[in-house]
Structure formats: C-alpha cells, structure tokens
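Some notes on the structure that comes next.
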Amino acid sequence: MVKKKIDIAVIGGGAAGLAAAIKAKEKGIENVVILERNEELGGILPQCIHTGFGLRYFKENLTGPEYIFRFIKKVEDLQIESKLDTMVLEITSDKKIIAVNSVDGLLELQAKAIVLAMGCRERTRGALGIAGTRPAGILTAGTAQRLMDIEGYMPGAKVVILGSGDVGLIMARRFVMEGAKVEAVVEILPYASGLSRNVVQCLEDFNIPLLLEHTVTSIHGADRVEAVTVAKVDANWKPIQETERTIECDTLILSVGLIPENELSQTASIVLDPATRGPIVNEHMETSVQGIFGCGNVVHVYDLVDHVTEAGELAGESAASYVLNELPPLRKKITLKAGDNVKSVVPQIISGEEPVTLHLRVKRPMGNVKVKIGNLSRPKRVVRPPEMVVINLTKKALEELEKKDESKVSIEEETEL
Amino acid sequence: MKKKEVRVITCIICPVGCKARVTIENGKITKIEDLECPRGEEYVTRELEAPVRDFFTTVRIEGAMTPVLPVRATQPVPKDKILGCVSELADITVDAPVKAGDVIAKNLLGLGVDIVATRDLDHVKRRV
C-alpha cells in the first residue's frame with residue numbers, strides 16, 4: 001500500500017472541491033490533493049450544457065462547462081495535484097484517508113486537514129416506491145443528462161417527467177430539442193419545485209404541460225416502459241383514484257430531489273443534521289470533527305453553483321488556516337435552530353462575533369415576510385422553497401444579536417403597523 | 001374599433017418572478033402592471049415584441065473522449081428559431097482537438113450569431 005503524508009485532502013473535484021483546493025493553495029498550503037472518482041475534474045458541471053451559471057460570481061452568463069473549466073484551468077496553473085479515477089473508501093476522524101485507483105492500488109493518505117466536497121445524489125424510484133413493473137426506461141434526470149450530453153445517447157422518444165426540480169425542467173427542454181416528445185411534467189406540490197425562470201424557458205416555451213398536484217401511481221411495461229398512470233392528489237398527497245389516467249410513454253424521468261452524499265462523513269463519525277442530511281458546520285464550514293471541513297451540496301443542496309463556489313472558497317480558506325495553526329475554535333457557540341417555515345439553515349453554528357452568510361431553505365412560499373434570526377429581523381419580498389434565502393450578517397449587525405446558546409431562525413408574516 | 005388584450009407574462013430576470021399584467025391595444029403595449037422593478041419592464045417589452053433565448057446544444061465530435069461536444073450561440077437567438085437552430089446543427093461533425101471558443105458554425109441561419117464550443121476536448125485514441 002502506498003502511504004503518504006499531505007497537508008490538505010479535498011474529496012471530490014466538482015465546483016465546491018475545486019474552489020476549496022484553489023483557495024487553500026493560494027493561502028500558501030503546498031501539498032493540496034484533490035481526490036476525484038470520475039475520469040475528469042468538474043463534477044456535474046460538464047454535463048450542464050445550458051446557460052445561467054456564473055451570473056453572480058463572474059457577472060457573466062456562462063454554460064456549465066465554461067464555468068467549471070475556469071476553475072479546472074486554475075487548478076492546473078497552480079499545479080494542484082489531482083488523482084482522477086480514484087475512489088475514496090474511508091476517512092477517519094484522525095484524518096486518514098483510504099482510497100483506491102488502478103495506478104497506485106490502495107492508497108493511505110494522512111492529511112492535516114480534509115475538505116469534504118462529495119456533492120449529492122439523486123433520489124431514485126426505490127426512494128419513492130412507485131408501484132408497477134420494472135422495465136428499462138426509468139432514469140433520474142441527471143443520468144438522462146449525462147447520457148444525452150456527455151455520452152451522446154438518446155434515452156427515449158416519448159417522455160413523462162416526474163417531479164419539477166431544476167434538472168427535470170432542463171431535461172424537458174433538452175428532450176424536445178433533440179426530437180423527443182415530452183408528454184407532461186408531473187408535480188405533487190401545488191407549485192413547481194424548480195426556479196421560475198426554468199418553468200418559463202423549459203416548459204412554457206415548448207408548450208409542455210405541467211400537472212401540479214399530480215403524481216405517477218403506476219409504471220407499465222414488460223421490457224421497456226409502455227405507459228404510466230397519473231392521478232391528481234388530495235391535500236395529503238394521497239392519489240384520488242377517480243382521477244387516474246394513463247399516459248403512453250417509453251421513458252419516465254425522475255426529478256424528485258437530491259440527497260447530500262455522506263457515506264464517508266459517517267465513517268469519520270461526523271455529526272449530520274437531519275434537516276440538511278449533511279454535516280453540521282460552523283461559520284468556518286468546519287464539521288463536528290476538528291480539521292474536517294465541508295462545502296457545497298454535501299453540506300446542503302444549493303440551487304446556484306455560484307453559492308457552492310463561495311462555500312468551497314470559505315472551506316478551503318478555513319482548512320488552510322487550520323493547517324497554519326491560525327484557526328482557533330469559536331470562542332462562543334450559538335446554535336441556529338430552524339423555526340417557523342424554515343426547513344434548514346447553514347451554518348448551524350455561529351460565533352456571533354464574525355461576519356457570516358446564512359443560507360436558508362424555506363418550507364413553503366410566502367410573501368412580505370421578516371426573516372428572524374433570534375432578535376434580528378430582515379425583510380424579504382418573497383421566499384420560495386426552490387430559491388435559497390441568503391442573509392448576510394455583518395459584524396455590526398451581529399453586535400445587536402442577543403448572545404444565547406441557541407437562536408431560532410424563522411420566517412414571519414410582516415405585520416402591518 | 002380598438003382591439004384590447006391583457007396578457008400575463010412571468011418575468012424571469014430574477015428569482016422574485018413577478019407576474020406582469022400587460023395591456024395591449026392595437027398591437028401596442030399601453031400599460032404594464034404588477035412589476036417590482038424597471039428591469040422587468042425591459043424584459044416584458046422584449047418578450048412581447050421579439051422574444052429571445054440563450055441557445056446551446058451538442059454536436060458530434062470524432063476522436064475525443066466523448067462522442068458529443070457542447071456548444072452555444074454567441075448571442076441569444078429568437079425564441080421561435082431554437083428548434084430550427086438545432087436541426088441546422090444536427091448534421092455537423094467536428095474533429096478533435098477542439099478548444100473552448102472555437103467557432104463550430106458561422107452566422108447560423110443568417111441570424112448573425114456564431115456557434116462556439118464551450119469546452120476543450122483533446123484528441124484521444126479510442127478506448128476499447
């Protein structure tokens with residue numbers, strides 16, 4: 001077995017991992033290694049061939065490949081080592097990493113700090129428990145995207161999409177552009193799960209029906225999908241049998257949510273937040289294990305890559321400070337708890353002393369609200385589940401915050417004076 | 001006789017997603033309501049007069065790690081020309097290596113936009 005000592009290991013070479021590695025190297029850390037399972041760097045971005053990336057970070061409207069190759073080039077320029085085709089099998093709380101690839105065989109890396117950037121995975125049919133047969137032609141949206149836009153295959157000709165997450169909406173448009181017919185996008189909620197700009201550009205532009213408060217109740221077909229049954233649901237998401245109808249199709253695409261990928265975090269006994277399903281992190285993006293940091297979709301699922309990059313930079317900077325002995329533990333810990341209409345908040349632990357950016361996911365849409373952080377209050381015109389709420393707290397703002405061990409973060413209706 | 005019509009357009013400039021109520025009389029916009037900001041007015045006006053969209057797709061590539069190359073248009077194209085642009089590119093095959101920014105097709109459909117590669121793809125020997 002190859003044994004090596006390194007400064008910082010970054011697990012995952014997507015948007016978060018690349019940003020973290022670049023920042024750490026720029027802060028003067030010599031020995032930064034990116035461990036990537038795929039045969040190239042970039043994570044999910046190379047297959048996201050549409051535009052809309054970088055509007056915030058670069059103030060430019062880029063495609064996924066254009067966005068991520070700016071970072072890949074930087075990694076190359078800074079001569080950061082990346083091990084591709086490399087699968088990390090285990091990490092320990094004393095920052096030992098066991099990985100394997102076909103060049104080194106088994107690898108044991110002893111790092112001073114680790115940045116977790118493994119991203120997230122799509123929920124599958126198994127997670128939904130849809131009744132019916134098990135034919136070919138049932139794919140997650142991201143798999144369909146990879147097949148179509150990286151591997152050059154056409155996954156189907158007559159398509160139903162279950163769930164209206166962003167990747168599902170993007171794929172509805174791609175299927176139509178490549179000559180398929182998209183029969184419907186079926187969404188159980190009374191509103192689309194994806195960004196409104198994607199509902200307009202991907203569905204309305206191509207007259208694709210969006211069936212709200214509907215779900216797929218059964219899949220038909222022996223070798224290949226032949227049809228799906230869809231039904232309207234009641235207020236408790238229970239299908240109403242009388243409304244069932246069959247839609248003929250050869251492909252069912254699932255766009256029903258993303259789950260942070262934390263198998264490795266668990267091998268290091270890192271404490272996870274049941275709301276985000278990612279590690280609990282403090283304002284330095286440090287997990288419950290000192291010297292192990294997390295960033296991007298492994299911490300919680302973002303809607304914009306620009307925010308993922310920023311989180312990666314913060315984690316990379318913190319990891320570098322840790323290695324340089326410049327990252328003291330927080331002097332005070334305020335735990336942020338999700339309150340009314342807040343599903344999750346990251347970071348979960350702040351000091352209340354240093355400026356911090358909070359990322360919130362709300363449960364349901366609301367207008368004219370106040371975002372409450374303990375005794376602090378910030379007005380918002382509108383909050384919606386697909387769009388992460390970003391709250392910047394300056395040092396000055398934090399002076400006003402009552403320093404309790406626990407602070408509730410909640411969304412409240414604006415009260416008329 | 002005056003022809004009057006009210007249409008609802010969802011603004012896609014920012015996440016707020018205002019639903020603008022637009023009054024059109026004799027083919028001219030006479031009133032735009034329910035918008036939060038001037039950027040929305042610009043979008044809604046363009047959306048009604050000459051809607052455009054970003055355009056991107058893939059073309060075939062020989063001799064690279066993957067069989068398709070992602071490409072985009074240098075400027076947005078008219079919304080009703082998107083499927084026409086896709087068809088126009090369907091028969092194109094390029095040879096690796098390709099660099100991001102390389103022009104794949106010039107002045108597509110006479111729209112005054114070029115189609116460029118959005119990533120590098122090196123030449124590789126085909127793997128078995």
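Just so it is clear: chains get the letters A, B, ... in the order the sequence lines come, proteins before strands, and each one is counted from 1.
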Which atoms of [X] approach chain B - backbone, side chain, both or neither, heavy atom under 4.5 Å:
| X | result |
| --- | --- |
| N198(A) | neither |
| F206(A) | side chain |
| K380(A) | neither |
| R173(A) | side chain |
| E40(A) | side chain |
| E151(A) | backbone |

Reported [atom1]-to-[atom2] distance for the pair [X] and [Y], which is rounded to 0.5 angstrom:
| X | Y | atom1 | atom2 | answer |
| --- | --- | --- | --- | --- |
| D120(B) | I72(A) | CG | CD1 | 9.5 Å |
| D149(A) | L69(B) | CG | CG | 11.0 Å |
| R119(B) | T63(A) | CZ | OG1 | 10.5 Å |

Quiz item: Mind checking which of residues 30-43 of chain B sit less than 4.5 Å from chain A, heavy atom to heavy atom?
Solution: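 Interface residues of residues 30-43 of chain B: E36(B), Y43(B).
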Quiz item: Taking only heavy atoms into account, what residues of residues 72-86 of chain B are found under 4.5 Å from chain A?
Solution: R72(B), K79(B), I82(B), L83(B), V86(B)
Self-check item: Where P65(A) and T118(B) come nearest, the two heavy atoms and their spacing
Solution: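 Scanning both residues, the minimum pair turns out to be CB-O, 3.5 Å.
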Quiz item: Where is the tightest heavy-atom contact between F56(B) and M177(A), given as atom of each residue plus distance?
Solution: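 In terms of heavy atoms, the two residues are closest at O-CE, 2.9 Å.
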Mark yes when over 12 heavy atoms from residues, nucleotides or ligands other than [X] sit less than 6.0 Å from its [atom1]; otherwise mark no.
| X | atom1 | answer |
| --- | --- | --- |
| R53(B) | CZ | yes |
| K158(A) | NZ | yes |
| R70(A) | CZ | yes |
| Q79(A) | CD | no |

Quiz item: How about residues 48-59 of chain A versus chain B: which residues have heavy atoms under 4.5 Å apart?
Solution: I49(A), H50(A), T51(A)
Exercise. Against chain B, work out which of Q201(A), E204(A), M148(A), E178(A) has the most heavy-atom pairs shorter than 4.5 Å and name it.
Key: Q201(A)
Exercise. Would you mind reporting whether Q47(A) and T66(B) have side-chain heavy atoms less than 4.5 Å apart?
Key: no
Quiz item: Should T58(B) and R174(A) count as side-chain neighbours, where that means a heavy-atom distance under 4.5 Å?
Solution: yes
Self-check item: All side chain to side chain contact (heavy atoms under 4.5 Å, CB included) counterparts of A96(B), not counting sequence neighbours
Solution: I61(B), A64(B), H123(B)
